[in-house]
Amino acid sequence: MLMQTRNQATVLSKDFPTDFIWGVATSSFQIEGATQADGRGLSVWDVFCKQPHAIADGSNGDVACDHYHRLEADLDLIACLGVNAYRFSISWPRVQPLGQGDWNEAGFEFYGRLMEGLITRGIQVHVTLNHWDLPQALQEQGGWANRSTCAHFVRYALEMNKRFGRHITSLCTHNEPWVMAILGHELGVFAPGLKDRKIAMQAAHHLLLSHGMALRDLRLAGAPMALGIVLNLSPIYPASDSPNDIAKAKLDDGLNARWYLDPLFKASYPGDVLEHLGSDAPVVLPGDLDTIAQPLDYLGVNYYTRNFSSSGNPWDVHSTGNEVTDMGWEVYPQGLTELLCRLHQDYPVKHLRVTENGAAFRDEMVDGAVNDERRESYLREHILATRRARELGVPVDAYFAWSLMDNFEWASGYEKRFGLVHVDYATQKRTLKRSAHWYQQFLKA
Ligand code: FCB
């Protein structure tokens, strides 16, 4: 097959409207550290990291980027990039250690300083309520597989609105429910580390249900910010023209994408997937689907690569000849344009937002500099792909690079670096990589 030639076209921020949202993204467990500080409760990830072999380098989130103790300097770092938005998540166990009952004022104080620090610097506040770090105390009662977790989540969402609503530009309920449900409950490679498909599908349903309940109640409470959810989505292609591969690709798209999109936008689960799941399908009570299908102000899309489905041998990621990142993910910017167009065509989305996009590469620090040309190209080509979708009429209004800085990459530990800013974990020194300088210049121009 042909090697993909690099798209050398330039892209300028002035190709986008002046109110386009440009940001960088992080999540609480991946950067904060300070897991024992100031009354924070345990999260499922604290516990999962302790399981033997759960994390590739045997690490955990105890220190991570020590962001909790370096807030002011990190706020300056975000500001120096010239972004107008920052996407981050709240650690639920930091503000409510047990996930129900008492609130932890020290936790609210931290996020208050974070939000005020952003606003002072002219940066919009884009909050995610659940980027995977469920309070462990709720997990002990069944976690997302237990329907009562939905009601606890709604109380947490309402409390965040009560305290910080006026500061928040957009609020996302869940980041990537598929990852939490399937990697966490069916494949067991992420917290909470369960391996049971029926439980996984029930967890997926409760994640969606709690999203809908939270949106409904936030709107009733007059929440002023834009409300949405973030899904991990990739175009899925059949590995060959064989009917079996085509059928497999359709089913995989059903399990990964339509299972979440159809209830959100059409108040129904896809029939082909329900049939495939059989007795593993979740218990859905009357009214649940209407609750899930609350109007969305925006749909967030995390895009990294495309996928292939094969009914036989697993797909060899190197077979296209395209570049592959340190995660083993093919670099395929056109997939982002295709995905955004498909979402616009198949679902009544008001606004689409690229809430994560980025790449892990083996960066080397030489003479105090990280020359991550490949990450720079990756970002440039995906911003071009976003522009292309806009040219085709898709209402995309935001792009967030993943990630502000190198951080705890879940089961991969600290070995995979996604940052625009390099973190030396021994000293916590932050160094802007070439990609960060590129983004800075791009945003300035
Ligand atoms: C996404 C996650 C994010 C990060 C990137 C690489 O699935 O939302 O936290 O780990 O992948």
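Atoms within a ligand are numbered from 1 in the order they appear, just like the ligands themselves.
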**Report entry** Counterpart residues, ring-ring contact (aromatic ring centres under 6.0 Å, His included), relative to F442 (two or more places apart)
**Finding:**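 ring-ring contact (aromatic ring centres under 6.0 Å, His included) list for F442, sorted by chain: W22, W438.
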Report task. Taking ring-ring contact (aromatic ring centres under 6.0 Å, His included) as the test, write out the residues that go with Y237, two or more places apart. Result ->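 Per chain and number, Y237 pairs via ring-ring contact (aromatic ring centres under 6.0 Å, His included) with F308.
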**Report entry** Shell of residues surrounding ligand 1, defined by a 4.0 angstrom heavy-atom cut-off that is strict
**Finding:**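 Answer by chain and number: Q30, H131, W132, N175, E176, N302, Y304, E356, W402, E409, W410, F418.
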Query - Partners meeting side chain to side chain donor-acceptor pair (under 3.5 Å) with W402 (sequence neighbours left out) - result: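 By the side chain to side chain donor-acceptor pair (under 3.5 Å) rule, W402 matches no residue at all.
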Report task. Search all heavy atoms of R258 against all heavy atoms of P270 and return the closest pair with its distance. Result ->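 In terms of heavy atoms, the two residues are closest at NH1-CB, 3.6 Å.
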Query raised in the report: Does the ring of Y439 carry R434 above it, NZ/CZ under 6.0 angstrom from centre and within 45° of its axis?
Result: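 So R434 doesn't make the cation-pi contact.
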**Report entry** Result of checking L420, D363, N371 against K433 for side-chain contact (heavy atoms from CB on, under 4.5 Å)
**Finding:**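 The option that passes is D363.
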